[in-house]
Structures are given as structure tokens and as C-alpha cells.
Amino acid sequence: MESNAREDTASFGDLALRPELLAALSSLGYEEPTPIQREAIPPLLQGKDLLGQAATGTGKTAAFALPVLQTLSEERLGKDPAALVLVPTRELAVQVSQAFHRYGRDLGVTVLPIYGGAPIGRQLQALDRGVDVVIATPGRALDHIGRGTLRLGGVRTVVLDEADEMLDMGFAEDIEAILDETADERQTVLFSATMPSRVDGIVRRHLREPVKIQMGRAESTDGGKTPLVRQSAYVVARAHKPATLGRVLDVEAPTSAIVFCRTREEVDQLTETMNGRGYRAEALHGGMSQEQRDRVMGRLRAGTADLLIATDVAARGLDVEQLTHVINYNVPSAPEAYVHRIGRVGRAGREGVALTLAEPREHRMLKAIERVTKQPITVEKVPTVADLRARRLELTRAALQESLLTDDLDRFRVVVETLTDEFDIMDVALAAVKLAHESSGIVADDEEIPDVADVGGRKRPERRTGGPAGRRRASGDDVARLFLGIGRNAGIRPQDLVGAIAGESSLTGRDIGAIEIADRFSLVEIPESAVDEVIQALRHSTIKGKKPTVRRERITPTSGPRKKTPTGKRK
Ligand code: AMP
């Protein structure tokens with residue numbers, strides 16, 4: 001936004017909305033208006049025309065629906081519609097109608113979507129009975145106007161939603177013809193993700209001194225100092241989001257993660273879903289008492305929860321030291337919210353990770369965020385079943401390696417010896433690995449998640465080697481892995497290793513790649529060229545008061561990402 005939307009923390013109550021609307025918003029779990037709602041609702045309530053540059057995901061639908069509902073309910077009318085919303089597609093017509101229904105449920109407002117491809121009979125009946133708001137695609141609206149079944153003389157507000165798309169779809173003349181049917185003194189609202197000159201033409205012809213609102217134009221405010229955060233997005237259909245989140249968590253294996261949701265309802269539902277899938281997730285939202293919130297934070301700090309699922313409001317002012325991952329379950333409603341969220345990781349030279357689950361329609365919001373942060377968000381492929389299997393085998397391998405290095409295995413020797421009388425030793429080992437693998441307690445998830453990353457017309461970057469998540473590698477491709485004989489049992493955290501290496505050698509936190517911490521050892525990826533220097537340096541220093549063994553570790557080319565066990569499934 002152009003203004004200081006972030007500082008402006010107006011609540012829905014401050015926007016002078018009717019109690020019925022406030023009740024509906026609260027029951028939907030909306031905690032505060034999005035920036036576009038904060039800016040658009042007051043002038044729209046005053047009856048002004050408005051030009052909003054905003055993409056899907058910003059909360060633009062509520063930004064125009066709430067004022068329309070508010071004014072409708074102030075002055076009830078006859079049978080003809082008082083508001084008309086034009087949208088490019090049938091899908092959007094349905095979505096916008098649902099939004100009007102949900103927000104206006106206590107106001108008794110009637111809403112009708114009309115679009116091509118649906119039987120016209122039912123639409124005729126509904127129009128005949130009388131409706132307050134019509135949400136229409138331009139072609140079908142014109143059809144009804146021609147039949148005399150849609151009369152627009154009483155329309156006080158016209159909204160052109162996703163105007164650029166309507167023009168791209170060839171609806172320019174239809175829109176002009178429809179606007180001609182409405183009264184000159186109507187209020188006109190236009191939302192568009194982009195502002196090509198053709199949209200400008202409509203604005204000049206049909207909007208009167210519009211208030212202008214532009215999303216995603218703010219300059220980055222950190223003076224160019226960007227945090228050390230790897231930023232990726234996964235583009236998936238809404239129905240596949242919970243499964244995608246689970247898979248991404250398994251592959252990323254965060255030490256501690258916060259997942260941001262839009263509403264309280266979403267927080268509660270997702271927390272339940274993730275707990276059902278075996279993750280230790282805790283909900284945090286504005287509907288909870290301070291005492292409940294303190295208990296949640298206590299569990300997170302004590303390590304009995306791995307995943308915090310929260311709304312922005314609830315997470316405000318929260319300081320979680322060990323946070324490694326910020327996950328946006330939806331694209332945030334404004335770039336500022338994104339920047340604010342990811343500021344929670346990548347502190348003090350540690351690598352942080354920000355992951356965003358975006359629906360296909362939301363790719364424009366990702367672009368807006370990239371513009372503001374001046375940092376790329378890489379669209380990654382959702383980890384496949386094969387990626388996941390490789391990852392799990394890698395975990396089994398790491399567990400066996402740890403046991404080989406540190407456990408006293410002698411009491412099992414008799415088992416191996418008896419079996420090798422009859423079987424090849426390799427086969428004995430294979431059977432033992434199978435049993436170890438199957439007893440890890442990880443539930444197999446073997447349904448592929450459809451990849452829709454190309455829907456937005458973007459090219460997906462080549463995946464890098466080194467793991468399903470295309471994790472940022474130590475700079476360049478020549479990566480070596482160091483083995484340090486100190487791990488979780490000694491209280492080692494990734495930041496301790498980064499601190500020790502960056503503090504004792506010429507490397508910076510950025511040069512350090514994946515870190516895997518097992519109970520009794522750790523593995524750290526660093527540039528091949530720095531191996532000798534780092535080993536030398538670490539041999540002369542202590543980590544957490546100890547002088548661990550440091551040596552080069554062989555990298556198996558086929559191994560998946562190298563990190564510790566998945567969130568929530570730690571042994
Ligand atoms: P839109 O950009 O209008 O497509 O809205 C994107 C999503 O954000 C929809 O799922 C809305 O239900 C949701 N939403 C809109 N406003 C808010 C809000 N103030 N708080 C939480 N969620 C919202």
C-alpha cells in the first residue's frame with residue numbers, strides 16, 4: 001500500500017460497520033481488516049468511486065462487499081437489484097456470491113449469481129422474485145438485459161471485479177453496454193490486478209474522481225539489508241493444502257515452525273488436521289485467552305510442540321527464539337504482512353526459511369511480494385511420493401549410521417552369526433534395515449499431489465540437486481559435508497554450529513548449507529574449498545564447552561536431503 005498500512009491497526013469495529021456485519025465477520029474468524037479493506041471501506045461507505053489495484057488474495061472481495069451490504073441494509077428497495085458486480089468467470093461469480101451470502105447472512109439480503117452455461121430458467125425465476133445483489137459475467141448479464149429480465153435502473157453501485165481479465169476475455173463492449181443501462185449517479189468501483197491502458201479507458205469514462213488504492217507498491221524498508229531467508233512457494237489447489245503442508249514439513253524437518261492462517265476457523269481446522277496426521281501442532285489465535293496462549297507458548301518453548309498454527313494478530317509481538325521456518329498457509333493479504341512474518345526467522349546470521357502455499361490464482365500476489373522485498377520467491381515442485389520415500393530411507397540410513405558409530409551392538413552379534421549360517425550377510429542386513437525402516441512409525445502417504453505450478457504461466461526453475469526441496473546449498477555446487485562428533489544430546493542447535501563455523505573461519509552464515517543434528521553427531525554442509533580451513537579452525541576451538549571430533553563426511557550422491565527427523569515424529 002502507499003500509506004503506512006502496517007502502522008494503521010484499525011479494527012473492523014473502527015470501520016463503522018453494522019453490528020450484523022461485524023457479527024458475521026467475527027463468526028468467520030476474521031480478526032482484523034486486510035490493508036485493502038482498511039483503505040477501501042471508508043471511502044466506499046461515503047459513496048465515493050474507487051479504483052483499486054489489487055489481486056486475488058488481498059481480501060478485495062470483502063473490501064467491496066461489506067460497503068455494498070451496509071448501504072443495502074440501510075435502505076431496502078423494491079424487486080430490482082441495487083448492486084451489480086461484474087466478474088470475468090463463472091467460478092468467480094460463485095465465489096463472490098458466496099462471500100456476499102456469508103457476510104450478509106444476518107441482513108436477509110438476497111444475492112444471485114448469473115453466468116453462462118447454467119440453466120437460465122432458475123435465474124429467471126430468482127430475478128422475478130426479486131434480488132438485492134446480482135453477480136454476473138458480462139455476457140449472461142447482457143442476455144438478461146435483452147430479455148428484460150434484468151433491470152438495472154435501480155442499481156446504486158456497480159463493481160467491476162478483475163477488470164483486466166474481463167477485458168482480456170473480450171468483454172469490453174458488453175461492459176460498456178451494461179454500464180449504459182445504469183443510472184449516471186451510481187457509485188462505480190473497479191478492481192484490477194494490473195492497470196493496462198484499456199482499463200484506464202474505462203476508468204476515465206465511467207469513474208468519477210475515484211479514490212485510488214494500490215497494493216504492493218511500498219518500498220522495502222530494511223535499507224537493503226535482507227535477512228538470510230530462503231524463500232519458496234508451492235502452488236497447489238486448496239483441497240491439497242493440508243497434504244502439501246504435511247509433505248513439506250516432512251521434507252524440511254523444521255526445528256520449530258509457525259504456520260500463518262487467515263482466520264481463526266482455519267487455525268482451528270488446520271491444527272486438528274495436522275494433529276490427526278501425527279504432528280505436534282498448537283493453535284494460537286485472538287479468540288483464546290491470555291492464559292491459553294501462555295500455555296501454548298510454554299509447550300513450544302519446552303519442545304513438546306513443534307508447530308504453531310496462528311493468525312497474524314495472535315502472533316504479533318511473539319518472540320520464539322528457535323523458530324526456523326515461517327510457513328504461509330495462504331499468500332498473505334499484503335506484501336507488508338509477508339515481510340513482517342518472515343522477519344521472525346533468519347535472525348542473527350542463522351538461515352531461516354519462508355515457505356508459501358499459494359493457490360493458482362494467487363501468483364500475482366507472489367509477484368507483488370517479490371517487487372516489495374526485491375527478493376525472488378522460488379516456485380518449487382511439491383515433493384512427490386518418490387521424494388518422500390527417498391527422504392525416509394535417508395532418515396533410516398542416518399539412524400543406522402548413528403547406531404553404528406555410537407551403540408554397543410555386540411549383544412546382537414549372535415543373531416547375525418546364526419543367520420549367516422543360512423543366508424548371505426547382505427540379505428541379513430537388508431532384512432534388518434527393512435524392519436528398522438518400518439518401525440520408524442512414519443505413516444506412508446502415497447497419493448501424488450497434483451502439481452499446478454504452471455497454471456499461472458510461470459516457468460518453474462530447475463530443481464537443484466541435493467534434495468526434494470531444492471534447499472539452498474553452500475555457495476556454488478561443490479559442497480562438502482563435515483561430521484562433528486557433537487549433537488542434540490549436548491544441546492547443540494543449528495545456530496551453535498553456524499556460530500562456531502562463522503566465528504572461527506572466513507565463512508559467513510550464508511555459506512553454510514544444510515545442517516543435520518542427530519543425538520550424538522551433526523553434519524554440516526560447507527563449500528568444498530573451505531573444508532581444510534574449517535576443520536583446522538574447529539580443531540582449535542570449543543563448541544558448547546566441548547572439543548568434538550571434526551572430519552570430512554562422505555556425501556552419498558543418491559541421498560535425499562540431510563536433516564534430522566520430521567517435525568512431530570522425532571523419536
Ligand atoms: P479475496 O482476495 O477477496 O479473494 O480474499 C482472499 C481470502 O481472504 C478469502 O478466502 C477471504 O475469505 C479471506 N479474507 C478476506 N478478508 C479477510 C480478513 N480480514 N481476515 C481474514 N481473512 C480474510
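Whatever order the structure lists ligands and atoms in, that order sets their numbers, starting from 1.
- You'll find the side chain of L51 stays beyond 4.5 Å of the side chain of V211, heavy atoms only.
- The shortest contact between atom 10 (O) of ligand 1 and any protein heavy atom is with R262 NH1, 3.7 Å.
- Note on ligand 1: R361 sits outside its first shell, no heavy atom being nearer than 4.0 Å.
- Of the N or O atoms in G57, one or more lie within a sub-3.5 Å distance of an N or O in ligand 1.
- Under 4.0 angstrom from ligand 1, the non-hydrogen atoms of Q37 all belong to its side chain.
- Rounded to the nearest 0.5 Å, atoms CD (Q187) and CG (L50) are 8.0 Å apart.
- The atoms of ligand 1 that sit less than 4.0 Å from any heavy atom of G59 are 1 (P), 2 (O), 3 (O), 5 (O), 15 (C).
- Between the side chains of D387 and T384, at least one donor N or O sits under 3.5 Å from an acceptor N or O.
- Note: Y234 OH to N328 CG = 12.5 Å, rounded to the nearest 0.5 Å.
- Close approach to F12 involves these atoms of ligand 1, each under 4.0 Å from a residue heavy atom: 19 (N).
- Tested against L66 for a side-chain contact (heavy atoms from CB on, under 4.5 Å), the candidates L21, T71, L45, L22 yield a single pass: L21.
- Salt-bridge formation is not detected for the pair E359/R361: no Lys NZ or Arg NE/NH1/NH2 atom is positioned less than 4.0 Å from an Asp or Glu carboxylate oxygen.
- A salt bridge links R205 with E176: the distance from a Lys NZ or Arg NE/NH1/NH2 to an Asp or Glu carboxylate oxygen falls below 4.0 Å.
- The shortest N or O to N or O distance between K60 and ligand 1 is below 3.5 Å.
- In the model, E162 has a side-chain atom that pairs as donor or acceptor with a side-chain atom of T56 under 3.5 Å.
- Nearest to atom 18 (C) of ligand 1 among the protein's heavy atoms is Y30 CD2, 3.5 Å.
- Against a heavy-atom cut-off of under 4.0 Å, T263 is close to the following atoms of ligand 1: 21 (C), 22 (N).
- The distance from ligand 1 to the heavy atoms of T34 drops below 4.0 Å at these ligand atoms: 16 (N), 17 (C), 18 (C), 19 (N).
- Salt-bridge check for D168 with R198: passed, with a basic side-chain N closer than 4.0 Å to an acidic carboxylate O.
- On a distance-only criterion, T61 and ligand 1 share at least one N/O pair closer than 3.5 Å.
- Remark: ligand 1 and T56 share no N or O pair separated by less than 3.5 Å (distance only, no angle test).
- When only non-hydrogen protein atoms are considered, atom 19 (N) of ligand 1 lies nearest to E32 O, 2.8 Å.
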